[in-house]
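Following: one structure in structure tokens, then a few remarks.
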Amino acid sequence: MTMSDEKSDPGGDDRDSEIAKETELVFLRNRVKELEAENAELLSQVSSCQCQQMEVKDDRLVRRRRVRKGDKNSIPSHLISRRYVALKIMYFGKRFYGFSAEAQMEPSIESEIFKALERTRLLIGDKKDSCYSRCGRTDKGVSSTGQVIALFLRSRLKAPTGDSEGQVNGRTGERPEYDYVRVLNRALPDDIRVTGWSPAPIDFHARFSCSAREYKYFFWRQNLNLSAMDIAGKKFIGEHDFRNFCKMDVANVHCYTRNVTFFDVSPCQNSHEGDQLCTFTMRGSAFLWHQIRCMVAVLFMIGQGVESVDVIDTLLDTKKTPRKPQYLLASEIPLVLRSCEFENVDFICSPGAAESLRSHFKNESLTYQLESVIYQEALRNCLPPCNEQSSCNDVEKKKKRTEHVPLLSRPTEPSYEERAAKMKPRKQETCHV
């Protein structure tokens, strides 16, 4: 071997390494382009997949809305299990325009109840489809602890409606029935509560199936003669024509005879600054429009000593007194429909719902007591003290100057016959039209 063969080219290795690096760089660039292309393809696939999922979700939302609105695709109402139910209701009536929604004055207790029924989806169809009935139609401001309504509600009952086995203890076969009390109370305002429910037969009617209604009217004793009011109130017991103790509705009511089965006036446990809280308790099969408040108004006059106990007998004798004397109604706020009685109707309330009701009523009671304290604080601090005996006596003298006009000497309202006679020409006019 020659010396020239043994010596290597010093620049050959560098060129080979440069060529290898360029080749590797070209390979990496091509690989990056391939990965970018694959990545773009994957992104397009993911994007289209998300769009499809969103379309599916939107489609589901649309379907749900259609079902809730009663679309043709919803389940027919006759395929949904339902049962006829009686609900016992408590409400504080001060902020409501009466119980009934028919007067078209809002808010009403009835409208709030049906809003809750629709919100909880317990109502199937509308009010007309539910065979709805109510026991009492209390006026604006009147409260209740025992109002009763009846209607068809959604049920877990799979057996026929008349199957007694499905109605035992509110259970329907293996599955428990809806806890109507708890479900509805979650959707009702604080001053309305359902306190119980009961299965009801198909022929049950909340108004006409009621055997008795009991009312309470609360008042402060002050200087009223409780003994005289009790003697006078006992005269209401029995079957009488109460047209002089009500607001006549000639268009709808033609018989004003009602049967009062119980009356009592008694002190309550509550008192305030030495004044005793008392209550009238009245029970009867049914009552006329404003009957309780008219009875209480006359009893207050007797308690104040400005009317005789015998005035009750005179006003109940419609032959002797065919026209009602004009007098103001007693306030509606202290009046409470305490209970409505039915045969073979036992209201159910689960332990959990009952505990929630106790807690709610206690909290509401404490809230109203705090409001009372605020008014008492205003009475103490916002008015100048009445220290001067003369100024206080002047106020008392002004009160005494208001003379009481005896009931039997007052102007009277038209009699039933006179009102009915005026109604006939109106009916004839509407018929000709």
Side-chain angles (χ1 to χ4, degrees), residues 80-91 99-100 109-110 112-125 127 129-138 143-188 192-215 283-286 336-358 360-361:
I80 300 175
S81 297
R82 65 177 189 166
R83 75 188 308 176
Y84 201 50
V85 167
L87 298 176
K88 188 177 180 181
I89 300 170
M90 173 271 168
Y91 51 86
F99 184 84
S100 174
I109 295 102
E110 199 171 67
E112 293 293 334
I113 291 171
F114 272 90
K115 287 177 185 177
L117 289 169
E118 292 173 356
R119 198 175 298 126
T120 55
R121 305 186 69 184
L122 288 174
L123 184 67
I124 301 171
K127 187 177 179 180
D129 299 328
S130 66
C131 296
Y132 171 75
S133 63
R134 57 176 176 254
C135 183
R137 184 177 174 176
T138 53
S143 303
S144 174
T145 58
Q147 174 72 282
V148 173
I149 65 172
L151 73 170
F152 276 103
L153 295 182
R154 184 185 296 270
S155 172
R156 287 176 174 159
L157 182 67
K158 300 302 179 184
T161 308
D163 187 358
S164 60
E165 293 182 359
Q167 299 182 358
V168 176
N169 297 325
R171 298 185 67 86
T172 57
E174 296 180 356
R175 300 180 66 193
E177 182 57 285
Y178 291 116
D179 191 342
Y180 294 115
V181 176
R182 197 163 200 171
V183 171
L184 283 170
N185 285 341
R186 289 173 178 170
L188 285 167
I192 303 177
R193 278 297 178 270
V194 177
T195 60
W197 74 275
S198 173
I202 298 300
D203 60 350
F204 178 85
H205 193 282
R207 179 184 175 189
F208 300 115
S209 298
C210 181
S211 59
R213 298 164 174 85
E214 183 173 293
Y215 283 86
R283 188 183 301 120
S285 55
V336 180
L337 173 58
R338 183 180 178 275
S339 65
C340 303
E341 300 175 9
F342 302 88
E343 294 181 0
N344 302 320
V345 175
D346 297 318
F347 289 98
I348 302 166
C349 184
S350 67
E355 185 59 33
S356 296
L357 282 170
R358 288 190 195 96
H360 177 77
F361 290 151

Report the C-alpha distance between Ile124 and Asp129 in whole Å, list the side-chain angles of each, state the deciding distance to 0.1 Å, and finish with yes or no for side-chain contact (heavy atoms from CB on, under 4.5 Å). CA-CA 8 Å; Ile124 301 171; Asp129 299 328; over 6 Å; no
Test side-chain hydrogen bond (donor to acceptor under 3.5 Å, both in side chains) applied to Thr138 and Tyr91, step by step: CA-CA 11 Å; Thr138 53; Tyr91 51 86; 2.7 Å; yes
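Distance OG/Ser130 to CZ/Phe152: 9.0 Å, rounded to 0.5 Å. Rounded to the nearest 0.5 Å, atoms CZ (Arg193) and OG (Ser356) are 9.0 Å apart. In this structure, the separation between NZ on Lys127 and CZ on Phe114 is 5.0 Å, given to the nearest 0.5 Å. One distance of note links OG1 of Thr195 with CE of Met90; it measures 9.0 Å at 0.5 Å rounding. Taking CD1 of Ile113 as the start and CG of Leu184 as the end, the distance is 9.0 Å to the nearest 0.5 Å.
Arg213 places a side-chain N or O within 3.5 Å of a backbone atom of Ser285 that can act as its donor or acceptor partner. For Thr145 (side chain) and Arg338 (main-chain N/O), a donor-acceptor pair under 3.5 Å exists by modelled atom type. Remark: the backbone N or O of Ala187 is paired with a side-chain donor or acceptor of Arg119 at under 3.5 angstrom. Tyr180 places no side-chain N or O within donor-acceptor distance of the main-chain N or O of Leu87, the cut-off being under 3.5 Å. Between the side chain of Ser211 and the backbone N or O of Glu341 there is at least one donor-acceptor pair closer than 3.5 Å. Using a distance-only test at 3.5 Å, with no hydrogens or angles considered, no donor-acceptor pair links the side chain of Arg83 to the main chain of Pro199. Checked by atom type and distance alone, the side chain of Tyr178 never pairs as donor or acceptor with a backbone atom of Leu122 at under 3.5 Å. Checking side-chain atoms of Glu112 against main-chain N and O of Leu188 turns up no donor-acceptor pair under 3.5 Å. In this structure a side-chain-to-backbone donor-acceptor pair under 3.5 Å is missing from Ser339 to Gly146. With hydrogens and angles ignored, the 3.5 Å screen pairs a side-chain donor or acceptor of Ser133 with a backbone N or O of Ala206.
In this structure, Glu118 does not pair ionically with Lys115, as no charged nitrogen and carboxylate oxygen lie closer than 4.0 Å.
Contacts classified as salt bridge (Lys or Arg N to Asp or Glu O under 4.0 Å) and involving residues 344-357 (residues at least two apart or in different chains) are given here: Glu355-Arg358.
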